[in-house]
Amino acid sequence: MGNDYKQTMNLPQTEFPMRANLASREPEWLKFWDDIDIYRRSLEVNENGPTFILHDGPPYANGHIHMGTAFNKVFKDLIVKYKSMRGYWSPYVPGWDCHGQPIEHQVEKNLGPEKMKEISQAELRTLCREYAMKFVDVQASEFKRLGVRGDFADPYLTLNRSYEAGDVKVFAEMYRRGMIYKGRKPIHWCYRCKTALAEAEIEYGDETSDSIYVKFWLLDPPASFAAAGKAAVLIWTTTPWTLPANVAVTLAADADYVGVAVGGEVLVMAEALVQAVAQATGWESFELVRDAAGEPVRVKGRELQGLHYAQPVHEGVGGVIITGDHVELTTGTGAVHTAPGHGEEDYLVGVKFGLPSPMPVDDRGVFDEGGGPFAGLHVEKANPIIIEWLAERGVLAAAGKTTHSYPHCWRCKKPVIFRATEQWFISMDKTGLRDAALQAIKGVKWVPGWSVNRINSMVTDRPDWCISRQRAWGVPIPVFECVKCGETVADDTTFAAVEKLFATEGADAWFTRKPSEYLPEGVACPRCGGTELRAESDIVDVWFESGVSHTSVLDAREELRRPAELYLEGSDQHRGWFQSSLLTSVGAYDEAPFKTVLTHGFIVDGDGRKMSKSLGNVVSPLDVVSKYGADVIRLWTASADYSQDVSVSDEILERTSEAYRRIRNTFRFLLSNLYDFEPGDVVAWEDMPELDRHALVTLADLVDRVTRSYDDWKFHQVYHAIYGYCGTELSSFYLDVLKDRLYADEADSVSRRSAQTVLAAVLTSLVRLVAPILSFTAEEIWQFMPEALREGIESVHLAGWPTSVGELVAEHAEEAAALRADYVVVLEVRDAVTKALEDARNEKRIGKSQEAKVVIWAAADQSAVLQARDARELADMFIVSDVALRQKLVPTEDGVPVPEKALFVDVLPADGTKCPRCWNFREVGADGLCGRCSSVVQG
RNA sequence: GGGCCCGUAGCUCAGUUGGUUAGAGCGCACGGCUGAUAACCGUGAGGUCGAUGGUUCGAGUCCAUCCGGGCCCA
C-alpha cells in the first residue's frame with residue numbers, strides 16, 4: 001500500500017538476518033572465539049569466583065562422534081557456560097580414553113597377520129598411539145564445531161605420561177592397603193594363537209559338538225531315592241573335555257527334582273525335563289520314583305544342596321551339589337556340570353560357594369597331570385576318548401551330537417576354550433571397599449533420583465574387579481615377579497621408581513627397558529632374596545585407567561581439584577566410569593571423587609528404538625550440523641527431558657528448527673526496534689506506562705524461573721520457559737501491542753522511549769539466558785546489539801547473568817504483585833475480545849482488529865480491574881480502535897439487580913475515520929490524520 | 001532370565017499429597033494482516049492418559065499382570 005506517511009514513522013531497522021544460515025555462519029563465530037581466546041577469557045573474568053568443576057568423562061578415541069557423544073558434550077558445555085556466566089571459575093578440560101583392546105584390535109586388522117608377526121610390541125604400541133591420536137584430533141574438531149568450549153589445546157589423554165603415572169599412584173595406594181590380589185579367573189583362550197581373547201575378538205558361529213548325558217553317583221543319596229536303586233545325578237554337557245575340572249553340580253534352587261528309575265538305577269533330574277531327556281537318551285521304559293501314596297517323589301533343588309557325588313574322572317574324589325540362578329530348565333537335565341576353571345558362570349557360582357577352580361589344561365590346550373587319566377592329551381582330541389572312557393565305566397547315559405552357537409577366535413577362526421588363568425583383582429570385601437563405597441555413595445547427590453538405586457545395586461552385587469588384561473596397548477600392572485621363586489615384588493620403592501619412570505618416559509619404557517635399569521639397587525624378592533626381576537606382562541583394565549582420572553587429571557592439573565562438583569554421563573556409566581572412579585577413589589582416598597553425578601538417558605529414534613545401521617535410523621550429528629546448524633543440536637539437547645531416553649528424528653529436528661526460528665525472529669524484532677536507542681533515552685520505572693512496568697515484571701519472573709531451572713539441572717524447563725515467553729508473552733501480546741507506539745509515536749517521545757527501555761531490558765536479559773544453549777546465535781545477536789547495550793563486553797559469554805531487572809522489580813515488589821494479579825484478568829478479557837473479533841472477522845464484518853470497536857459487558861469479578869484502566873489503554877492492549885465498558889445487571893428474586901457473572905463482548909465497526917498513518921479509526925483533522933499522528937508529522 | 005528406568009494429543013513438555021468436562025507451546029486446518037513479511041496475529045480440530053484387571057464414592061495420579069522400549073548384566 002503506497003503510503004507517504006511511512007517515512008514519517010519509526011519502522012524497524014536491522015541488519016540482523018532473518019535467515020540464520022547457521023551451517024555456514026557458525027564457523028565464523030568459532031574463529032572469533034579463537035581470536036579472542038574465549039576459554040582463557042571466560043576463566044579470567046571469574047578468577048575470584050567460586051569454583052565449579054565439571055570433570056569430563058573421556059570418550060573412546062575411536063571413530064567419529066555420534067548423536068550420543070554430541071548430546072553428552074553439548075549438555076556438559078551448556079552447564080559449564082551457564083556456571084561461567086553465573087560467575088563461577090569453571091575450567092573444562094576435555095579428555096580421551098586412548099588405550100584398550102578396540103584400538104589394538106583395529107590396528108592389528110589394518111596391519112594384517114603377516115606384518116603383525118614381524119613387529120615388536122613396542123612398535124605395535126607406537127601404531128596404536130598414532131591411531132588414537134588421529135581420532136582425538138577428529139573428535140576434538142567435531143566437538144568444537146558443536147560449539148563446545150574447553151581446553152582443547154591441552155586436553156587430557158590416558159596415554160599421556162603424567163596420566164600413566166597417576167595409574168601407578170592409585171594402584172600403589174590400593175596395593176599398599178591390601179585390596180589388590182592375584183587370583184584365577186576363566187577367560188576366552190585360543191590355544192592355537194596361545195593368547196587371551198577379549199569379548200570383542202570372539203566371533204560366534206554354529207558348531208557341531210558332542211552332547212552327552214553322564215551319571216554322577218551320589219555318595220549320600222536321599223533315602224527316598226536310594227530305596228529304588230543306586231542313585232546318581234544326571235548331567236548334560238557339550239564339552240566332555242571339561243569333566244576333569246568338574247568340582248560341582250549346580251541345581252535350580254526352586255525347581256522340582258525327581259528320581260527316574262531306569263535299568264535298576266535312579267537318575268535325579270529336573271521334573272520339567274524328564275520327557276525331553278527320555279527322548280534324547282532313548283529310554284524305552286522308565287518310571288518316576290514314587291512314595292507310599294503313589295505320588296512321584298519331588299525334591300526342591302535347595303534340599304539337595306550339600307550332597308556329594310563321585311567325581312566322574314578322578315577316582316576317590318568327591319564333588320558337591322550346589323544351587324545357582326543360572327540353571328535353566330529349557331535344555332539339559334536341570335543339573336549343570338560345573339567346572340569353575342572353564343566357564344564364567346561356573347566361576348562366579350564357584351566363588352560364591354568357595355569352590356576350587358582346577359585348571360588341568362595348559363596354554364597349548366594339553367592336559368597336565370590334573371587331567372588324571374587324560375594327562376598329555378590335547379583337548380581337541382579328548383572328547384571321543386573321554387566319552388569312551390565314561391562308557392566303559394558305565395556312567396555314560398547317552399551320547400549324541402548337537403549344533404549350537406560357539407565362540408571362535410577372530411584370528412584363526414577356530415573354536416576357543418574357556419580357561420582359568422592368573423589374574424589381578426581388586427577385592428571388594430577384604431578391606432571393606434564395598435562397604436566404604438556404599439557409604440560414599442550416600443554422600444553424593446545423584447540426579448535423577450533413580451540413579452542412586454542403580455549405582456547401589458551395582459556396587460552391592462558386583463564380584464571382585466578383575467583388573468588385568470593380557471594385551472599390549474595399555475598401562476602395565478606395575479609390579480614385578482621374582483624370576484627365581486615367582487613371588488610378586490612390589491613395595492613403596494618399586495612403585496616410586498615405576499611412577500617416576502612413567503612420568504618421565506611413559507609406560508612404553510616398561511616394554512623396552514629392563515627393571516634393573518630403572519629400579520634402585522638392592523630391590524630384592526622378599527621371599528627368596530632373588531634380585532632378578534621380571535616386569536609383569538599384563539596390562540590394566542581400561543576402566544581402571546579412566547577411573548583414576550580423579551588423580552591423573554583432577555589432582556594433577558593446577559586449575560582442577562578433587563572432588564569435582566560434577567560428573568555427567570549416560571546411564572551406562574553406572575557400571576563403567578562412575579563405578580570405576582568411585583571404587584578407585586574410595587580405595588585410595590576413602591572418598592568419592594564427585595559431589596554430584598548427573599545421568600542422562602540414551603539417544604533413540606522417534607519410536608524410542610536404539611539407533612542401528614540395520615534399522616537405518618541413525619542420525620549423524622555432523623549431518624544435522626550441516627543441515628540445521630550446531631545451535632539446533634544444542635537447542636534439541638536442551639529441550640529434552642534427559643532423565644529418560646532422548647528421541648531424535650527428522651520431525652523432532654524440524655520442530656526444533658522451527659522453535660529456533662521463532663526465538664531468532666523474536667530477537668530480530670527486538671534488535672530492529674532499538675536502532676535509535678541511546679543510553680540517555682532510558683525511561684524510569686515511575687514514568688513508564690503500566691503495560692511496560694508489567695512487561696518488566698514478566699521479564700523478571702522469566703529470569704527467575706529460568707535461573708532456577710538451570711540450577712536444578714532442568715534444561716528442558718529452561719527451553720520451554722524461554723520459548724513460551726517469546727511466543728506467548730512477547731510476540732502475541734506485548735510486542736504486538738507495542739507496534740503502534742513504537743512505529744507511530746514520536747521517535748523521542750517518553751511513550752516510545754519507555755517501550756524501548758523495556759525492549760532493551762528484554763534483549764539484554766534474554767540474550768544472556770539463551771547464551772549457554774544457543775551459543776552461536778547469542779553471540780551473533782550480541783554483535784548486532786547497539787554499542788551501549790553491550791557495555792563494552794566483547795562476547796555475550798563474558799557478559800555475566802542478568803540481574804538488574806530482577807532488582808528493579810524487587811524494588812517495586814508490592815506494585816509488581818498487584819500487576820501480576822490484575823493482568824491475569826486483563827489477559828482473560830483480552831482472550832474473550834480476540835475470540836469475538838475472530839467471529840466478526842468470519843462474518844466479514846471486520847478485517848484487521850483496528851477496524852473494530854468493542855463493547856465489553858464485564859463479569860462481576862473482572863469489572864473492577866477493567867474500570868481501573870481507561871478505555872484507550874484497554875483499546876491499545878486489545879489492538880482495537882476503541883473500548884466501551886458496560887456492566888450487565890440481572891434481576892434477582894428479591895428485586896435487587898446483581899452483576900452478570902459471564903463476560904460478553906460485542907464487536908462494532910469503529911467510530912471515526914481510518915487514520916492513513918497509523919491505521920487506527922479516529923476523529924481526523926483537516927490533514928486527514930488523527931490527533932497523535934498530526935502532531936508527530938508536524939513535529 | 002535378573003537389576004534400574006520409561007510409555008499423557010503428530011512433536012516437545014505440564015499435570016500438587018488420587019477429586020469438577022486432562023493442560024501449554026509448536027505443528028496441522030481455516031482465517032486475518034501485508035509497517036517483524038521465506039515473518040506476524042487469531043480461531044479451530046486433535047489425547048480417555050501403552051493394555052487389562054483391581055483398590056476407592058472417585059485414578060493419568062495407588063496396586064497387580066501383560067505389551068512395547070532403553071541401559072546394564074546373565
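Order of the sequence lines sets the chain letters (A, B, ...), proteins ahead of strands, with each chain counted from 1.
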Legend entry - Whole-angstrom distance between B:rG25 and B:rG44, as gauged at atom P: 11 Å
Inset, instruction - Kindly say if A:Arg662 contacts the phosphate of B:rC40, meaning a side-chain N or O under 4.0 Å from OP1 or OP2. - result: yes
Inset, instruction - Please identify each residue that fulfils salt bridge (Lys or Arg N to Asp or Glu O under 4.0 Å) with A:Asp256, with sequence neighbours left out. - result: A:Lys300
Legend entry - Pairwise side chain to side chain donor-acceptor pair (under 3.5 Å) hits with a residue in residues 717-726 of chain A, at least two apart: A:Ser709-A:Gln717
Legend entry - Check: A:Phe16 ring centre within less than 6.0 Å of A:Phe667 ring centre: no
Inset, instruction - Could you name each residue pair satisfying side chain to side chain donor-acceptor pair (under 3.5 Å) that touches residues 568-581 of chain A, not counting sequence neighbours? - result: A:Asn72-A:Glu569, A:Lys76-A:Glu569, A:Ser451-A:His574, A:Arg462-A:Gln579, A:Trp577-A:Ser581
Pairwise N/O distances under 3.5 Å, protein to nucleotides 60-68 of chain B:
none

Inset, instruction - Both distances under 3.5 Å, Watson-Crick or G-U wobble: report the partner of B:rC49, or none. - result: none
Inset, instruction - For the residue pair A:Arg917 and A:Thr8, confirm or rule out a side-chain donor-acceptor distance under 3.5 Å. - result: yes
Legend entry - A:Asp704 bridged to A:Arg708 by N-O distance under 4.0 Å: yes
Inset, instruction - Indicate, yes or no, whether a donor-acceptor pair under 3.5 Å links the base of B:rC5 to the side chain of A:Arg454. - result: no
Inset, instruction - Determine whether any donor atom in the side chain of A:Arg19 lies under 3.5 Å from an acceptor atom in the base of B:rA38, or the reverse, and answer yes or no. - result: yes
Inset, instruction - Can you tell me the distance, in whole Å, between the CG atom of A:Asp572 and the P atom of B:rG70? - result: 15 Å
Inset, instruction - Pick the P atom in B:rC26 and in B:rU52, then give their distance to the nearest Å. - result: 33 Å
Inset, instruction - Applying side chain to side chain donor-acceptor pair (under 3.5 Å), name anything that partners A:Lys848, two or more places apart in sequence or on another chain. - result: A:Gln850
Legend entry - Residues which pass side chain to side chain contact (heavy atoms under 4.5 Å, CB included) with A:Pro909, listed by chain and number, not counting sequence neighbours: none
Inset, instruction - Respond yes when some side-chain nitrogen or oxygen of A:Lys6 is under 4.0 Å from OP1 or OP2 of B:rG35, and no when none is. - result: yes
Legend entry - Upstream residue (5' side of RNA chain B) when A:Phe669 and A:Glu658 are each assigned their closest nucleotide: A:Glu658
Legend entry - Value in whole Å for how far the P atom of B:rC13 lies from CH2 of A:Trp636: 11 Å
Legend entry - N/O (side chain, A:Lys610) to phosphate O (OP1/OP2, B:rC71) under 4.0 Å: yes
Legend entry - Residue pairs involving residues 736-747 of chain A (criterion side chain to side chain donor-acceptor pair (under 3.5 Å); sequence neighbours excluded): A:Asp692-A:Arg741, A:Asp736-A:Lys739, A:Asp740-A:Asn920, A:Asp740-A:Arg932, A:Asp745-A:Ser751, A:Asp745-A:Arg932
Legend entry - Donor-acceptor side-chain pairing of A:Asp676 and A:Gln756 below 3.5 angstrom: yes
Inset, instruction - Once you apply the 3.5 Å cut-off to both distances, tell me the Watson-Crick or G-U wobble partner of B:rG1, or none. - result: B:rC73
Legend entry - Note: A:Arg662-A:Glu658 ion pair, threshold 4.0 Å (strictly below): no
Inset, instruction - Starting at atom CD of A:Glu569, determine the distance to atom P of B:rC72, rounded to an integer number of angstrom. - result: 14 Å
Inset, instruction - Verify the contact: side-chain N or O of A:Ser732 to OP1 or OP2 of B:rG42, cut-off strictly under 4.0 Å; return yes or no. - result: yes
Legend entry - Sub-4.0 Å heavy-atom contacts from residues 710-722 of chain A onto RNA chain B, ordered by number: A:His716, A:His720
Legend entry - Complementary nucleotide for B:rC62 - Watson-Crick or wobble, under 3.5 Å: B:rG54
Legend entry - Base B:rA36 paired with A:Thr14 side chain (donor-acceptor, <3.5 Å): no
Legend entry - Partner nucleotide of B:rG25 by Watson-Crick or wobble geometry (both distances under 3.5 Å): B:rC11
Inset, instruction - Under 4.0 Å between any heavy atoms, over every strand shown, what does A:Ala744 touch: base, sugar-phosphate, or nothing? Just pick one. - result: nothing
Inset, instruction - Answer yes or no for this row: A:Trp919 ring on B:rG35 base, centroids under 5.5 Å, planes under 30°. - result: yes
Inset, instruction - Report yes if at least one side-chain N or O of A:Ser647 is closer than 4.0 Å to OP1 or OP2 of B:rC11; otherwise report no. - result: no
Inset, instruction - With sequence neighbours left out, write down each residue that passes ring pair (Phe, Tyr, Trp, His ring centres under 6.0 Å) with A:Phe425, or none if nothing qualifies. - result: A:Tyr181
Inset, instruction - May I ask you to verify if any side-chain N or O of A:Tyr660 is less than 4.0 angstrom from the OP1 or OP2 atom of B:rC26? - result: no
Inset, instruction - Examine B:rC30: is either OP1 or OP2 under 4.0 Å from a nitrogen or oxygen in the side chain of A:Arg841? Give yes or no. - result: no
Legend entry - Phosphate OP1/OP2 of B:rU43: any A:Thr834 side-chain N/O under 4.0 Å: yes
Legend entry - Interatomic distance where CZ belongs to A:Arg705 and P belongs to B:rG25 [whole Å]: 14 Å
Inset, instruction - For A:Glu654, report the nucleic acid contact type (base, sugar-phosphate, nothing); a contact means any heavy atom under 4.0 Å. - result: nothing
Legend entry - A:Glu651 vs A:Phe733, nearer the 5' end of RNA chain B by closest nucleotide: A:Glu651
Inset, instruction - Could you check how far CZ of A:Arg655 sits from C1' of B:rC13, rounded to whole Å? - result: 15 Å
Inset, instruction - State the pairing partner of B:rU34; accept Watson-Crick or G-U wobble contacts with both distances under 3.5 Å, and report none otherwise. - result: none
Legend entry - Nearest-angstrom distance, P atom, B:rC6 to B:rU48: 23 Å
Legend entry - Interatomic distance, A:Gln850 CD vs B:rG35 P [rounded to whole Å]: 12 Å
Legend entry - side-chain N/O A:Lys844 vs B:rG32 OP1/OP2, d < 4.0 Å: yes
Inset, instruction - Pull up the glycosidic torsion of B:rG46 and say syn or anti, syn being anything within 90° of 0. - result: syn
Legend entry - Distance below 4.0 Å between A:Asn842 side-chain N/O and B:rC30 OP1 or OP2: no
Inset, instruction - Name the pairing partner of B:rG68, where a pair is Watson-Crick or G-U wobble with both distances under 3.5 Å, or state none. - result: B:rC6
Legend entry - SB check A:Glu851 A:Arg841 (cutoff 4.0 Å): no
Inset, instruction - Report yes if at least one side-chain N or O of A:Lys835 is closer than 4.0 Å to OP1 or OP2 of B:rG44; otherwise report no. - result: yes
Inset, instruction - Whole angstrom is fine here: how far is it from CE in A:Met458 over to C1' in B:rC5? - result: 12 Å
